[in-house]
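What follows is a single structure, written as C-alpha cells, with notes after it.
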Amino acid sequence: MAWIEQIAAAVALGLSATAASADLTVVADHGGQPAKPYYVAISSAHEAEHDGYHARAAARPAGPSDEAATLPVHSSALSPGRVGTHAIHLPPSTTPFFLIGTGELSRHWLEQRRSRLEKLHAVGLVVDVRTEAQMKRLRRLGHGLVMHPTPGNDIAQRLGMSHYPVLITPKAIQQ
C-alpha cells in the first residue's frame, strides 16, 4: 500500500462520525505530495467532520521523475526557527509526521533525531525544497525515512505554527 494510502487509512480510522464539516479550498498549488490526510486529522481534532476523504482517493506517491515536476516547493507561512514543545490533541491513530526543509537547521535536526523518527515510523513532509538534489541529500541523511515534498502552509495555519523543523505526534508538537 502506498505511503499516502497508509496514512490516510490510519487517519480515517481515528475520525469521529459526530464531528462537523470543514472543507478545504486550494488557494495555490506549488507541487509536492498531497497532505490532505493530515488536514483531515487536524480538522477532526478541532471537532470538524471527516469530509468524505477516502484512503483510495489519495493520489499515488510520485516516482522520481514525477517528483521533479512538483519542485520547487516553498511554504511561505513557515520558516526555519526554534519551536517550543506544546500539547495538541489529534486522533490517536494519526501517523507521526515531521516538517522539514533543506537548510542547515533542518539537516542537523534530522541527523540528531533520525533514530527516534524511525522508531515512530514518522513520515517527512519537506516544506521547503528547490531541487531533486536537495531531496536526495535529505533522503541520504534520513537513511530510509519516507520524505516527500509537500507544501505546509495549511498545516501550519491549522496548528498555529510558523517554524520548522518539528515532529508532530497525536499528542504534541516538538522540536
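In this chain, residues are counted from 1 in sequence order.
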Applying side chain to side chain donor-acceptor pair (under 3.5 Å), can you list everything that pairs with His163, at least two apart in sequence or on another chain? Ser79
Any heavy-atom pair between the side chains of Leu145 and Leu110 that's under 4.5 Å? yes
Working to the nearest 0.5 Å, report the span between CE of Met135 and CZ of Arg130. 13.5 Å
Nearest-0.5 Å distance, OG1 of residue Thr94 to CD1 of residue Ile88: 8.0 Å
Are any of the side-chain heavy atoms of Arg82 and Leu105 separated by less than 4.5 Å? yes
Which atom pair, heavy atoms only, marks the closest approach of Leu78 to Ala156? CD2-CB, 3.5 Å
Flag if over 12 foreign heavy atoms under 6.0 Å of NE2, His86: yes
Thr150 side chain to His148 main-chain N or O, any donor-acceptor pair under 3.5 Å? yes
Leu71/Val129 under side-chain contact (heavy atoms from CB on, under 4.5 Å): CA gap, chis, key distance, verdict: CA-CA 7 Å; Leu71 298 173; Val129 55; 3.7 Å; yes
State the CD-CG distance between Gln112 and Leu117, to the nearest 0.5 angstrom. 11.5 Å
NE2-OG1 distance between His121 and Thr95, expressed to the nearest 0.5 angstrom: 10.0 Å
I'd like to check the salt bridge (Lys or Arg N to Asp or Glu O under 4.0 Å) partners of Arg139; sequence neighbours left out, ordered by chain and number. Glu67
Using 0.5 Å steps for rounding, measure from the CZ atom of Arg158 to the CG atom of Asn153. 12.0 Å
Under the criterion side-chain contact (heavy atoms from CB on, under 4.5 Å), I'd like the reasoning laid out for Phe98 against Leu120: C-alpha separation, chi angles, the key distance, then a yes or no. CA-CA 11 Å; Phe98 57 98; Leu120 290 171; over 6 Å; no
Side chain Arg107, main chain Thr102, donor-acceptor under 3.5 Å: yes
Measuring from atom NZ of Lys136 to atom CZ of Arg140, what distance do you get when rounded to the nearest 0.5 angstrom? 8.5 Å
Only pairs under 3.5 Å count here: list side-chain donor-acceptor contacts from residues 164-175, not counting sequence neighbours, and write none if there are none.
from, atom 1, to, atom 2, distance (Å)
Tyr164, OH, Asp128, OD2, 3.3
Thr169, OG1, Lys171, N, 3.3
Thr169, OG1, Ala172, N, 3.1
Thr169, OG1, Ala172, O, 3.3
Gln175, OE1, Val83, N, 3.0
Gln175, NE2, Gly81, O, 2.7
Gln175, NE2, Pro165, O, 2.9

